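Report on the structure given below.
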Amino acid sequence: DIQMTQSPSTLSASVGDRVTITCRASQSISNSLAWYQQKPGKAPKLLIYKASSLESGVPSRFSGSGSGTEFTLTINSLQPDDFATYYCQLYNDYYRTFGQGTRVEIK
Amino acid sequence: EVQLVESGGGLVQPGGSLRLPCEASGFTFSSYAMSWVRQAPGKGLEWVSTISASGGSTFYANSVKGRFTISRDNSRNTLYVQMNSLRAEDTAVYYCARKSQSSSNFDYWGQGTLVTVSS
């Protein structure tokens, strides 16, 4: 099975900061990667799919990049609403594997 | 408006069974693959199972294969998961999610229902 590893596990940042989260796959997955945001007590929200495509309605300060085994989620100019946990997710036909999550907290 | 509403969660003893329904509205349910994703308390997300739009194909995580069965009733716009031989490690919030036709990812989620496996 392909493993997904996110880093860091926790990230402390301030409003206005540029934040980068990394996700590494244990083998090449082309661009079959998505990013989700989850706030406490809420369901996840799709942000990015196909590694770099922005889901409709998601602010443009979110961007994704990468292919193969290394991927990044970047949040430009962090906003108060962005403090949450972020998950990468491999998708392969009907199978899905999530990373362990990165919590973005207020510095 | 797309809505997914899970129900049926609760406390069940180890070895017991539970069936969770997820009622869908606001879209053509029979045109979309659907999934269950769970989250243990304080932990990350874990994909559990997916069923194709017609119901003819089903897929499971290794952790639940042979114990859980996903199904759907397109006439009732309802997704189900039958959970048997439950273990303490199955304790989690269970979400149903719609698989987007354009992105192949989960574009709508329910609010989740908590299943607690404990004696």
Side-chain angles (χ1 to χ4, degrees), chain A residues 1-11 21 23 25 29-58 62 64 71 73 84-105, chain B residues 1-6 9 22 24 32-65 68 70 72 79 92-114:
Chain A
D1 291 356
I2 301 174
Q3 306 300 315
M4 307 300 292
T5 304
Q6 283 183 240
S7 60
S9 297
T10 306
L11 188 159
I21 299 168
C23 180
I29 61 171
S30 185
N31 64 347
S32 298
L33 188 96
W35 290 95
Y36 293 84
Q37 176 195 65
Q38 188 182 32
K39 296 180 180 178
K42 300 294 186 182
K45 174 186 175 183
L46 178 63
L47 300 175
I48 302 281
Y49 62 94
K50 214 179 289 185
S52 61
S53 296
L54 195 67
E55 175 72 355
S56 176
V58 174
F62 291 93
F71 303 86
L73 172 70
T85 300
Y86 294 84
Y87 294 92
C88 64
Q89 177 224 273
L90 153 71
Y91 55 100
N92 179 2
D93 293 331
Y94 288 94
Y95 294 91
R96 303 288 183 267
T97 303
F98 289 93
Q100 80 277 17
T102 294
R103 183 181 170 212
V104 177
E105 61 179 28
Chain B
E1 179 194 4
V2 172
Q3 282 198 311
L4 298 170
V5 179
E6 306 94 337
C22 168
Y32 288 82
M34 298 292 295
S35 296
W36 290 95
V37 177
R38 68 184 180 183
Q39 186 169 36
K43 303 296 184 183
L45 301 167
E46 181 187 16
W47 170 75
V48 173
S49 183
T50 295
I51 187 168
S52 63
S54 67
S57 297
T58 57
F59 306 86
Y60 298 93
N62 289 336
S63 58
V64 306
K65 199 174 295 183
F68 288 16
I70 192 172
R72 64 192 297 159
L79 173 73
V93 173
Y94 284 75
Y95 295 100
C96 67
R98 188 181 85 166
K99 181 173 173 279
S100 165
Q101 292 176 335
S102 57
S103 76
S104 293
N105 286 284
F106 305 134
D107 59 352
Y108 285 94
W109 298 64
Q111 84 289 350
T113 187
L114 175 63

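Model, not experiment: these values are computed from the prediction.
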inquiry  = Among residues at least two apart in sequence or on other chains, which ones pass ring-ring contact (aromatic ring centres under 6.0 Å, His included) with B:Y95?
reply    = B:W109

message = Within residues 47-54 of chain A, which residues come under 4.5 Å of chain B, heavy atom to heavy atom?
response = A:Y49

message = Quick check on B:Q39 against chain A: is it the side chain, the backbone, both or neither that has a heavy atom closer than 4.5 Å?
response = side chain

request  = Counting only heavy atoms closer than 4.5 Å, note whether B:K99 contacts chain A via side chain, backbone, both or neither.
outcome  = side chain

query = How many angstroms lie between atom CG of B:L45 and atom CD of A:Q89, to the nearest 0.5 angstrom?
reply = 9.0 Å

message = I'd like to check B:V37 versus A:R96 (side-chain heavy atoms, cut-off strictly below 4.5 Å). Are they in contact?
response = no

key: Which portion of A:Y95 sits near chain B, non-hydrogen atoms under 4.5 angstrom   = both

note = Whatever's closer than 4.5 Å to a heavy atom in chain B on A:P44 counts as both

request  = State, to 0.1 Å, how close A:A43 and B:G110 come at their nearest heavy-atom pair, and which atoms those are.
outcome  = CB-O, 3.3 Å

note = Filtered by a 4.5 Å non-hydrogen cutoff, the part of residues 47-56 of chain B contacting chain A is B:W47, B:T50, B:S52

request  = Residue by residue, scan residues 57-65 of chain B and write down, ordered by number, those that have a heavy-atom distance under 4.5 Å to chain A; if none do, write 'none'.
outcome  = B:F59, B:Y60, B:N62

key: Contact winner vs chain A - B:S100, B:A97, B:S102, B:S104, heavy-atom pairs under 4.5 Å   = B:S104

